[in-house]
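What follows is a set of notes on a single structure, which appears directly below.
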Amino acid sequence: MALSTILGYPRIGQGRELKAALESFWKGKSQESDLLQTASALRALHWKLQQETGIDAVPANDFSLYDQVLDTSAHFGVVPARYQWNGAPVDLATYFAIARGAQHSGIDVPASDMTKWFDTNYHYIVPEFAADQQFKISSNKPVDEFNAAKEAGIKARPVLIGPLTYLLLGKKQGGKNLDLLDRLLPAYVESLQKLEQAGAEWVQLDEPALVLDLDDSTRAAYAKAYAQLRQAAKLKLFVTSYFGALGGNTDTALKLPVDALHIDLVRSKDQLDDILAKAPPNLILSLGVVDGRNIWCNDLEQSLALLERAAAKIGKDRIWVSASCSLLHTPYDLDLETKLDPELKGWMAFAKQKLQEIVILTKGLNQGRTAIADALAVSAKAAAARKSSTRIHDSAVKERLKKQPLAEAGRKTGFDARRKLQQARLHLPLYPTTTIGSFPQTSEVRQRRADVKGKRITDADYDTFLKTQVKSAITFQEEIGIDVLVHGEFERNDMVEYFGEQLSGFAFTKNGWVQSYGSRCVKPPVIFGDVSRPRPMTVYWSHYAQSLTDKPVKGMLTGPVTILQWSFVRDDQPRSVTTHQIALALQDEVLDLERAGIRIIQIDEPAFREGLPLRRANWNEYLQWASRGFRLSYTGVKDDTQIHTHMCYSEFNDIFDSIKELDADVISIETSRSQMELLDAFTGAKYPNEIGPGVYDIHSPRVPSQEEMVALLDKATQRLDAWQIWVNPDCGLKTRDWPETKAALEKMVAAARAMRAKQPQRQAV
Ligand code: GLN
Ligand code: ZN
């Protein structure tokens, strides 16, 4: 008999109870015991739900108060020295200090770094290994949660991050992370033995690093580590891979001396046959057929076909039916979406519904198709509807895209010629100053938005309010002498949602929250259909702002790749096609802005880099369609319209050629925290266009001095020609307050003036 299982469940709670409990505890409004009680109630509820739905093998220790990687660090006593941990079991104060930093009673320590968990939007706390790192069991969480499940009548399978993935995700002072393996393994052995003593039969070791490009020494380390764990522990070992194919690591994974292996068949169906052919005789295969990364309901017929193929080869007894990865990355419960259009809802499944799908598929595999005939029929009907629904398919959009010569997307006139025309029209000084787009989203702005949504004020009231905001932002920028103004984005809730709400093909959930980091959740829009723009989206505000001043006001758009990356995307066509549809909708907007007299248009792509596939072999394909998408969004603009883009991150080295190919006239990037080091990528290979290297970090309320910014700009001039350099902050200012924003921007303008004074004439173009 095949068994049903999942690798993990969302922990934030159906009403984001964990978020509320955490934030109230952090504010000192509730006790530790209150927080722990909420946490244990959530765990119990989620176990019960899985059990009642019929999941055979339920995980434990998939829960976390903040992050599972941080839990692993706490478990093994990996606490950086600055937290002054005394070696006793890691308490909550230390745990949250690592996660969030701490500032109280004489203590002032920053948080550990946080970064994206593989290619998800979930962020983990990066382990920091000391050069002489020791590992010592310092929390009992895995055993405690296993015991709690036992008390609830469930013999759960504890989950740990596997030793290799854990080490590979961390950063180490000096030497290689894997040098620590010999020291880490005894701690894992001890942890497994404790679980065994507590009565656990299985342990799940998450090794998503198995889907990355690994070198031979890392593969050898896998073999060695698991041989050692196998020898020391009597527990059955379940190793999981997810977020992609095992690829070149297939043999490594299949040779591990473990009892079960999980593979992701959503990201990579193609790997099934190879793995079936090579799997050693007793290995159980856990087959991830239900998508743990998206919100579409499963095509049961298709999944069952895969499962049956596997069963024919290795037998039902050696199969577990599962989701591709932990359900952490999906929202909680579709049943809560009472306002969603019923047809659309019929095509979707959240975590709770995915449990049902897994149970149904397991039943279908074990008892035959007739046992799940009804579910198969519903699923087939939904699949058929999605193929033909006019709600999804818009032939005008498809036709338009087909006619695009994508390889030619972009501008025909070269940058040098454009630059002359733009300069003749814009008359910008050397070191032109600008900002990235948003100004402070004050509580007043947010309140008015809530008021108009809740119909407590009229649309006209809201419009008047926003106009006063825009007007004072324009006045302020003129007064302090910024060269290229912005309207301030006061009308926007979020840089993707704002556009999604105005585009066809998008839907929004009420409660589709997914954990992003700690207590933070995001509610991504759902792109379900062909995308088009029924009417202008930003022209009204850009035009209004431009009417208030003679200086150029930048039009402000979110780019196609970022809209794609930060949404749940339809799975019935390639992501590239969806991106190109969004790009065409944006192109309509760009051309309308241009017609409305907007001379500079910025198309933000902060998520361009995070779209990179996990494996290098797939990078080129992505970079090609992504950069075509970006270029498509401005194809057709006049030569003297200046196109900007913005990307707020580091690490351009890998993708530098593609950044050049975007051919934006101006790109603003984050550089202040790295002291302009990032610019190295832009100098070595010589960036041909203009660049605004951020001169101050907007993530902190700190107001930088003029001298600091001049020093950064001086560094920039060592790497770039003066005519290339723009002066701007690292990112938008929406999270800041006005006083610090004003102070910082005044200093920034002064810094630009000081730079000009050193080099008074704008070089002739
Ligand atoms: N234009 C946006 C803003 O200023 C850009 C935000 C971002 O890069 N994430 O807020
Ligand atoms: Zn940014």
Side-chain angles (χ1 to χ4, degrees), residues 114 116 121 123 433-442 445-446 449 466 469-470 473-474 476-477 482 484-500 516-517 520 522 524-525 537-538 541-542 545 553-567 586 589-590 593 598 600-611 630 633-634 642-652 659 662 664 666-674 678 691-700 726-738 740-741 744-745 748:
M114 182 169 83
K116 277 177 187 277
N121 198 21
H123 300 71
T433 50
T434 191
T435 59
I436 306 304
S438 59
F439 276 131
Q441 287 264 332
T442 56
V445 170
R446 280 178 277 131
R449 188 178 307 126
L466 288 176
Q469 295 288 312
V470 172
I474 295 286
F476 160 68
Q477 294 170 84
I482 300 237
V484 171
L485 314 192
V486 297
H487 74 283
E489 301 182 24
F490 303 107
E491 76 287 9
R492 303 186 188 177
N493 37 5
D494 170 273
M495 65 185 292
V496 171
E497 195 165 320
Y498 183 73
F499 289 91
S516 171
Y517 66 91
R520 288 285 195 106
V522 293
M537 304 182 283
T538 65
W541 288 112
S542 288
V553 176
K554 268 196 285 195
M556 202 56 65
L557 305 175
T558 303
V561 180
T562 297
I563 292 182
L564 181 95
Q565 279 302 325
W566 291 351
S567 302
L586 289 168
E589 187 71 13
V590 165
L593 283 168
I598 302 301
I600 304 182
I601 300 166
Q602 178 170 310
I603 306 169
D604 290 325
E605 284 289 20
F608 190 84
R609 191 180 196 289
E610 72 185 49
F630 182 82
S633 68
Y634 65 69
Q642 192 171 62
I643 297 294
H644 289 216
T645 189
H646 164 69
M647 300 180 174
C648 38
Y649 44 79
S650 35
E651 297 166 37
F652 284 93
I659 301 295
L662 299 181
V666 183
I667 180 171
S668 59
I669 59 173
E670 174 186 308
T671 39
S672 72
R673 276 185 288 187
S674 68
L678 291 180
I691 312 180
V695 293
Y696 79 89
D697 177 14
I698 58 86
H699 296 93
S700 137
W726 283 63
V727 180
N728 47 256
D730 270 345
C731 190
L733 295 157
K734 59 177 167 246
T735 56
R736 298 270 58 88
D737 283 330
W738 271 111
E740 75 237 24
T741 296
L745 290 179
M748 186 187 86

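Whatever order the structure lists them in is the order used to number ligands and atoms, beginning at 1. Just so it is clear, the values below take in all heavy atoms, side chains as well, and ignore hydrogens, waters and symmetry mates.
The shortest distance between side-chain heavy atoms of T562 and F608 does not fall below 4.5 Å. With a 4.5 Å cut-off on side-chain heavy atoms, E670 and P693 do not count as touching. Counting only heavy atoms from C-beta outward, the side chains of I643 and V666 never approach each other to under 4.5 Å.
At least one N or O atom of K734 sits closer than 3.5 Å to an N or O atom of ligand 1.
With values rounded to the nearest 0.5 angstrom, N493 atom CG is found 10.0 Å from K734 atom NZ. Within the model, atoms CG of D604 and NE2 of H644 stand 11.5 Å from one another, a figure rounded to the nearest 0.5 Å.
For the side-chain contact (heavy atoms from CB on, under 4.5 Å) test, residues two or more places apart in sequence or in another chain that qualify with A744 are Y696, V703, P704. Qualifying salt bridge (Lys or Arg N to Asp or Glu O under 4.0 Å) partners for D697, counting only residues two or more places apart in sequence or in other chains: R673. Residues passing the salt bridge (Lys or Arg N to Asp or Glu O under 4.0 Å) test with E489: none are found, sequence neighbours excluded.
Aromatic rings of W541 and F490 (six-membered ring for Trp) have centroids beyond the 6.0 Å cut-off, not under it.
Using a 4.0 Å cut-off between heavy atoms, S438 contacts ligand 1 through both its backbone and its side chain. Neither the backbone nor the side chain of M647 comes within contact range of ligand 1; no heavy atom lies under 4.0 Å.
Atoms of ligand 1 found under 4.0 Å from any heavy atom of H646, numbered from 1 in the order shown, are 8 (O). Close contacts of ligand 1 with E489, meaning ligand atoms under 4.0 Å from a residue heavy atom, involve 1 (N), 2 (C), 3 (C), 4 (O), 10 (O). Ligand 1 places these atoms under 4.0 Å from at least one heavy atom of G437: 4 (O). In the vicinity of G732, heavy-atom distances shorter than 4.0 Å reach the ligand 1 atoms 3 (C), 4 (O), 10 (O). Atoms of ligand 1 found under 4.0 Å from any heavy atom of I436, numbered from 1 in the order shown, are 1 (N), 4 (O).
Listed by chain and residue number, the protein N/O/S atoms under 2.8 Å of the Zn ion (ligand 2) are H646 NE2, C648 SG, C731 SG, with waters left out.
Here the rule is side chain to side chain donor-acceptor pair (under 3.5 Å) with T434, and of Q477, K554, Q602 only K554 fits it.
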